[in-house]
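Scroll down for the structure; my scribbles are underneath it.
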Amino acid sequence: MTYRYAIERADHSALASGHVLRSAPGFPGFPVRLASELLQRARVHLEGDRARLWDPCCGSGYLVSVLGLLHRDLITHVRATDVDADAVGIAARNLELLTVEGLTERERELRRSARDFGRIAFVERAEAARDLAAGLTVMGGDLPHASAVADVFTLTEPVDADLVVTDVPYGELTHWEGDAPQDPVHGLLAAMGRVLPSRAVVVVTARTRRVRLPEGVRALERVKVGNRAAVLVRARDIAGI
């Protein structure tokens, strides 16, 4: 794939999982540059409007938190849901880092760790948290957010989101849970079609050669980078599948 938007190989070490953002065993990260590229590609299909972002398989909340910190100026709200209550607990703490107060408290925490353990790495992480807070302020300040425990396959009520970006479980570190059908990706898309506004754009990524769509569903775009594939679809095209 040729990058169209995230064309520079910027240093995103401050956004590495476990650096400032919180991590835990069993909750993988996601390539930052690819995340940025996918969001910007999806935004084109929203005709450049600022978007309400949702990850229905959020895990630790890493993906949407990174996107919020990178693109605060393009996002008006972040929602993170998962069937795993422990995951949502971590995600809620990461979403707090979408506020200046949350990043400032994280900086204090990391400086205390540097003092208590005498490790320079914690000082570097504290300084990264400070820089992220400054960047967030420049791009628009605190980003409204919400997190909740929810089984994506059983959702019926409308969700106020314009853009879904989610990295689905792939069986090595993460697994489908909840009321997952035999074809979980098909079920995920069907659920998105039920609850999203018709103009919304859904981005599904997976560690696979190709994300398979139900018969008759047209992809807006397909992306393949390394061992990850992604597909972009319009919500109205997956309604009723």
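If you're wondering where the values come from, they're calculated on a predicted model, not measured in any experiment.
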Is there a path of hydrophobic side-chain contacts, each under 4.5 Å between heavy atoms of I, L, V, M, F, W or Y residues, that connects [X] with [Y]?
X	Y	answer
Val64	Leu196	no
Leu220	Val185	no
Val165	Leu69	yes
Leu53	Ile238	no
Leu213	Val152	yes

Heavy-atom pair of closest approach, residues [X] and [Y]:
X	Y	result
Leu95	Ala146	CD1-O, 3.5 Å
Ala239	Gly193	CB-O, 3.7 Å
Thr166	Cys57	OG1-CB, 3.4 Å
Leu98	Ser65	CD2-O, 3.5 Å
Gly178	Val83	CA-CG2, 4.0 Å
Arg111	Val123	NH1-CG1, 4.3 Å

In Å, rounded to the nearest 0.5 Å, how long is the span from [atom1] of [X] to [atom2] of [Y]?
X	Y	atom1	atom2	result
Leu67	Leu39	CG	CG	5.0 Å
Arg106	Thr99	CZ	OG1	13.0 Å
Asp116	Phe122	CG	CZ	9.5 Å
Leu74	Ser36	CG	OG	8.5 Å
Gln40	Leu70	CD	CG	8.5 Å
Asp55	Ser147	CG	OG	12.0 Å

Does [X] reach the side chain of [Y], with side-chain heavy atoms less than 4.5 Å apart?
X	Y	value
Pro56	Met192	yes
Leu97	Leu21	yes
Leu188	Val204	yes
Arg228	Thr208	no
Val195	Pro158	no
Val149	Thr81	no

By side chain to side chain contact (heavy atoms under 4.5 Å, CB included), which residues pair with Arg108, not counting sequence neighbours? Thr104, Glu105, Arg112
For Arg50, the side chain to side chain contact (heavy atoms under 4.5 Å, CB included) test, sequence neighbours excluded, returns Arg72, Thr76
Side-chain donor-acceptor pairs under 3.5 Å in residues 229-237, sequence neighbours left out?
unit_1	atom_1	unit_2	atom_2	d
Arg234	NH1	His45	O	2.9
Arg234	NH1	Arg199	O	2.8
Arg234	NH2	His45	O	3.1

Mind checking what makes salt bridge (Lys or Arg N to Asp or Glu O under 4.0 Å) contact with Arg209, not counting sequence neighbours? none
Pairs satisfying salt bridge (charged side-chain N to carboxylate O under 4.0 Å, His left out), at least one member in [range], at least two apart:
range	value
residues 149-158	none
residues 73-98	none
residues 7-26	Arg22-Glu109

Atom CZ of residue position Arg222 - does it have more than 12 heavy atoms of other residues, nucleotides or ligands inside 6.0 Å? yes
When you look at Val164 and Val203, which way does the side chain to side chain contact (heavy atoms under 4.5 Å, CB included) test go after all the steps? CA-CA 6 Å; Val164 169; Val203 182; over 6 Å; no
Show, in sequence, the C-alpha distance, side-chain angles and deciding distance for Ser13 and His19, and conclude whether the side-chain hydrogen bond (donor to acceptor under 3.5 Å, both in side chains) test is met. CA-CA 8 Å; Ser13 57; His19 195 78; 5.6 Å; no
Members sharing Tyr5's hydrophobic cluster, built from side-chain contacts under 4.5 Å between Ile, Leu, Val, Met, Phe, Trp and Tyr, are Val44
Indicate every side-chain donor-acceptor pair of residues 23-34 with a distance under 3.5 Å to a residue at least two apart or in another chain.
unit_1	atom_1	unit_2	atom_2	d
Arg33	NE	Ala6	O	2.7
Arg33	NH2	Ala6	O	3.2
Arg33	NH2	Ile7	O	3.3

Using only heavy-atom distances, determine whether the side chains of Asp167 and Thr205 contain a donor-acceptor pair under 3.5 Å. yes
Contact list for residues 133-166, test ring-ring contact (aromatic ring centres under 6.0 Å, His included), sequence neighbours left out: Phe153-Trp176
Scan for ring-ring contact (aromatic ring centres under 6.0 Å, His included) pairs involving residues 199-225, sequence neighbours excluded, and state none if there are none. none
N/O donor to acceptor pairs below 3.5 angstrom from side-chain atoms of residues 125-144, sequence neighbours left out:
unit_1	atom_1	unit_2	atom_2	d
Thr137	OG1	Ala133	O	3.0
Asp142	OD1	Val100	N	2.8

Return yes if some donor-acceptor pair links the side-chain N/O of Asp160 with the main-chain N/O of Arg52 below 3.5 Å, else return no. no
Going through the checks in order, is the salt bridge (charged side-chain N to carboxylate O under 4.0 Å, His left out) test met by Arg43 and Asp49? CA-CA 7 Å; Arg43 181 171 171 265; Asp49 289 348; over 6 Å; no
Are the charged groups of Glu221 and Arg41 less than 4.0 angstrom apart, N to O? yes
Report the C-alpha separation of Leu63 and Cys58 in whole Å, then their side-chain angles, then the decisive distance to 0.1 Å, and conclude whether the side chain to side chain contact (heavy atoms under 4.5 Å, CB included) test is met. CA-CA 7 Å; Leu63 178 54; Cys58 71; over 6 Å; no
